[in-house]
Amino acid sequence: MTLRVAVLGAGAWGQNHVRIVASEPGCVLAGVADPDPLALERIRGVLPRCRLVADPHALLGGDVEAVVIASPAATHPALARAALAAGKHVLVEKPLAMDVAVAISLAELARSNRLVGMVGHLMVHHPAVIRLRELLRSGVLGTLHYLHSTRVNLGRLRRDENALWSFGPHDVSMIDLLLDRAPISVAARGQSVLQQGIEDVVFLTMRYETGEMAHVHLSWLSPRKERRLTLVCSQKMAEFDDVGTDKLKIYDRGYDRPPEFSEYSQFLTIRDGDVHIPQLPMQEPLRLQFRHFVDCIHSGAVPDGNLASAVRVTAVLEAAQRSLQQDGAPVGLAL
Ligand SMILES: NC(=O)c1ccc[n+]([C@@H]2O[C@H](COP(=O)([O-])OP(=O)(O)OC[C@H]3O[C@@H](n4cnc5c(N)ncnc54)[C@H](O)[C@@H]3O)[C@@H](O)[C@H]2O)c1
């Protein structure tokens, strides 16, 4: 069964989607749309026979079965809506929308039209994150106390999104997958250094009904690239470092409570045990994400990174944006 897939938006990131779709067995790249002639020229250079159009709507008719949307954030809701209304399965880049009501209406449209809708929450397809989810669910890490995530670098500035909306979907979706529940309150503080009114750095805190806490540091104004998630649990601690070569480390470290002790200083003893580095399959998360999208189209399964989980992510980011505007006042969530 060959799936005909079009890519809408072929800029810096969309080119990667074009490469993946064009080289994925069982798929045909049915066309690429981008209003920028230079973007289309670049694609023509590598795929001379590909159908190239300026207007994305030109690819929403005919025999295209699925679309990947990699246009600027502000265009995602309208393009996703048009594609779903035209009966196409949709993989849309993050953020799905910057308004939770819009995200809900898109999730509802996909559901009622029986179409696969997925958001490019890339991290939920990363083999290290999937392993972390298995470890948490199996209980080997013990009870989760808190998570800390860092996504910083000296990188591309965006004008239409702040660091919260540009980077935050990755961390919030990853934490949503691991915890499988939404926070009950969110607080965020940030700073606009380079462009007035657009936060380059954001510190986001999420609290959960069961007591856990998650903290996320997002910035494109930082000297070093860091992509790190640390889980501190009662039995073990785990660290996912997406920049390093050893992506995942499990630390047998923590505090133990001996059953008996004679001095108060022995009430809690430090356990400084081994560090285990699990073997992980070396596969490109963007390809795994696309493959998952295709598999769900064929099987009818509900994907990881589906629109319902994207609604939760949008709700968290929307609440965080409100908190940012109130200089970090906690904002409650009822999801
Ligand atoms: N998942 C990830 O890790 C990741 C990484 C980078 C970017 N992204 C996301 O991908 C999206 C695109 O980012 P980018 O860095 O490629 O931006 P970009 O500005 O480099 O490219 C966007 C492209 O979309 C085109 N475009 C504009 N309006 C369009 C429309 N209506 N229809 C089709 N194309 C249109 C532009 O001409 C441009 O070529 C953003 O939402 C961004 O957040 C995701």
Side-chain angles (χ1 to χ4, degrees), residues 5-21 29-46 50-60 64 67-83 86 88 90-99 102-103 106 118-126 128-129 149 151-153 155-174 177 198 218 220 225 227 229 242-243 284-290 292-293 303-305 309-310 313-314 317:
V5 186
V7 178
L8 316 182
W13 189 244
Q15 291 175 68
N16 292 319
H17 283 291
V18 170
R19 168 178 57 82
I20 296 280
V21 175
L29 178 64
V32 175
D34 198 302
D36 179 359
L38 287 176
L40 295 184
E41 241 356 272
R42 267 197 312 265
I43 301 300
R44 198 187 314 279
V46 281
C50 180
R51 182 175 175 210
L52 302 173
V53 298
D55 179 3
H57 297 92
L59 295 177
L60 296 184
V64 170
V67 296
V68 177
I69 300 172
S71 51
T75 64
H76 293 173
L79 283 179
R81 187 178 308 286
K88 316 297 173 194
V90 169
L91 168 56
V92 53
E93 261 309 332
K94 52 82 191 166
L96 171 62
M98 291 163 90
D99 177 326
V102 173
L106 290 169
M118 226 172 103
V119 179
H121 290 152
L122 191 60
M123 302 317 298
V124 308
H125 305 281
H126 197 297
V129 176
S149 189
R151 187 169 302 275
V152 303
N153 57 275
R156 179 174 169 188
L157 299 181
R158 295 203 181 253
R159 294 215 171 94
D160 52 346
E161 297 168 272
N162 59 13
L164 174 70
W165 287 94
S166 181
F167 289 162
H170 288 309
D171 304 275
V172 174
S173 61
M174 186 163 52
L177 183 89
I198 300 176
L218 307 165
W220 53 54
K225 180 168 178 170
R227 302 279 186 269
L229 173 71
D242 203 12
V243 176
E284 186 183 3
L286 194 66
R287 187 173 291 283
L288 294 174
Q289 173 182 275
F290 181 64
H292 185 60
F293 176 57
D304 284 335
S309 67
V313 172
T314 310
L317 294 172

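The model shown is predicted, which means the values in this text are computed figures rather than measured ones. For the numbers below, each heavy atom of this structure counts, side chains included, while hydrogens, waters and symmetry mates do not. Order of appearance sets the numbers: ligands from 1, and atoms from 1 within every ligand.
The shortest N/O to N/O separation between L122 and ligand 1 does not fall below 3.5 Å. Note: no N/O pair closer than 3.5 Å links T75 and ligand 1 by distance alone.
Side-chain atoms of H17 do not come within 3.5 Å of backbone N or O of I69 as any donor-acceptor pair. Between the side chain of K94 and the backbone N or O of S166, at least one donor-acceptor pair lies under 3.5 Å. Looking at N162, its side chain does come within 3.5 Å of a backbone N or O of W165 through a donor-acceptor pair. With R51 contributing its side chain and V32 its backbone, the two residues share no donor-acceptor pair below 3.5 Å. Side-chain N or O atoms of K88 include one that pairs as donor or acceptor with a backbone N or O of V64 at under 3.5 Å.
The shortest non-hydrogen separation linking V119 to L91 is C-CD1, 4.0 Å. Contact record, C50 with L29: SG-CD2, 3.6 Å, taken as the closest heavy-atom pair.
Regarding atom 35 (C) of ligand 1, its nearest protein heavy-atom neighbour is P35 CD, 3.3 Å. Regarding atom 43 (O) of ligand 1, its nearest protein heavy-atom neighbour is K94 NZ, 2.9 Å. When hydrogens are left out, the protein atom nearest atom 21 (O) of ligand 1 is G11 CA, 3.3 Å; that is the closest non-hydrogen contact. Nearest non-hydrogen protein atom to atom 19 (O) of ligand 1 is R156 NH2, 3.3 Å. Protein heavy atom nearest atom 16 (O) of ligand 1, with residue, atom name and distance: W13 N, 2.8 Å.
Under 4.0 Å from ligand 1, the heavy atoms of L79 that appear belong solely to its side chain. At a heavy-atom distance under 4.0 Å, only side-chain atoms of H76, from C-beta outward, approach ligand 1. Proximity of P56 to ligand 1, defined as any heavy-atom pair under 4.0 Å, is confined to the side chain (atoms from C-beta onward).
Short contacts between ligand 1 and G120, defined as distances under 4.0 Å to a heavy atom of the residue, involve ligand atoms 1 (N). Listed by atom number, the atoms of ligand 1 under 4.0 Å from G9 heavy atoms are 24 (O), 33 (C), 34 (N). For ligand 1, the atoms closer than 4.0 angstrom to any heavy atom of H170 are 1 (N), 2 (C), 3 (O). Every atom of ligand 1 is numbered from 1 in the order shown, and the set under 4.0 Å from a heavy atom of A70 is 11 (C), 12 (C), 22 (C).
Relative ring orientation between F167 and W220 is described as perpendicular, the plane-to-plane angle rising above 60° on a 0-90° scale split at 30° and 60°.
Applying the side-chain hydrogen bond (donor to acceptor under 3.5 Å, both in side chains) rule to Q289 yields no partners; only residues at least two apart in sequence or on another chain are considered. T75 meets the side chain to side chain contact (heavy atoms under 4.5 Å, CB included) test with S71, P72, L79; sequence neighbours excluded.
For R158, the closest heavy-atom approach to ligand 1 falls below 4.0 Å. Distances from ligand 1 to the non-hydrogen atoms of S166 include no value under 4.0 Å.
Within the set S71, G14, A12, P72, the minimum heavy-atom distance to atom 27 (C) of ligand 1 is found for P72. When the heavy atoms of D34, D36, V92 are ranked by distance to atom 39 (O) of ligand 1, first place goes to D34. Around atom 1 (N) of ligand 1, the closest heavy atom drawn from E161, H57, E93 belongs to E93.
At least one side-chain heavy atom of P169 sits less than 4.5 Å from a side-chain heavy atom of L317. Using a 4.5 Å heavy-atom cutoff, the side chains of V67 and L59 are not in contact.
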